[in-house]
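In listed order, ligands and their atoms are each counted from 1. Residue numbers count from 1 along this sequence.
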Amino acid sequence: MNVIRDIVDFFLPRTCHICGCQLRDSETTFCVRCVENMPRSLYHLMPMNPMEQRFAGIVPFVRATGHFIYSRNSELAGAIHDMKYRKFPSVGRRLGEIVGSELNMSAFFEGADCVAGVPMHWSKRVRRGYNQAEYIAEGVGLAVGLPVIDVLEAVRAHKTQTAMTIEQRRANLAGSFKIKDTAKLKGKGLVIVDDVCTTGATLRTLSEMIVSEVPDCRLYLLSLCVTV
Ligand SMILES: [Zn+2]
């Protein structure tokens, strides 16, 4: 296998998605230096962290965090943009692995049973070709050793939310999500994975729907990035 990989690397060298340097055998998608330079929030080490404050008293959850700090024009923002819009879903899987393994060093996932990405409506999925949140969820699941389950569904397409306030976003999202099979979530700890958390409206709407349908489902809200 390594011989084949060496031959492939010779003709098609694997390069870091951020700095473009040639990757070593032990590196995937990003070089060690670029991974080290990604801005961590370290929220998971703080009791009632800023991400948990966003949801406290609104939806019940076990833990919540946004792992990387998102700022426009950063190297990480470039990678996130490629992941979402330029057909590089594998960037999402790798970032999910990094986040999953770093959070797993703390007790973040204690009591969690399964992972699911924030669902995307089929019409958007057809346009984009994939749902990046599923790839991030896959990476998290791989790193943590939890199964990724296909249980959430986006049943209504909604408008782009970039310029909306949280209340406008919430109205825009109302009735957007559905559970395909509530039995799969009964009594379970579900990690919901999103890409970038700005107002928290998506995670909030989705969580409210889940706990109203399956009150004994315990939620872990995990966003790859968070804005501050
Ligand atoms: Zn690099």
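- Between the Zn ion (ligand 1) and His17 there is no N/O/S contact shorter than 2.8 Å.
- Within the structure, salt bridge (Lys or Arg N to Asp or Glu O under 4.0 Å) contacts touching residues 44-53 (residues at least two apart or in different chains) are Glu52-Arg63.
- The distance from the Zn ion (ligand 1) to the nearest N/O/S atom of Cys21 is not under 2.8 Å.
- The aromatic rings of His67 and His44 sit tilted, their planes meeting at an angle between 30° and 60°.
- For Asn131, the side chain to side chain donor-acceptor pair (under 3.5 Å) criterion is met by no residue, not counting sequence neighbours.
- The Zn ion (ligand 1) forms the vertex of an angle spanning SG of Cys31 and SG of Cys19; to the nearest 10 degrees it equals 110°.
- The angle that Cys16 SG and Cys34 SG make at the Zn ion (ligand 1), rounded to 10°, works out to 110°.
- Using a distance-only test at 3.5 Å, with no hydrogens or angles considered, no donor-acceptor pair links the side chain of Ser71 to the main chain of Ser74.
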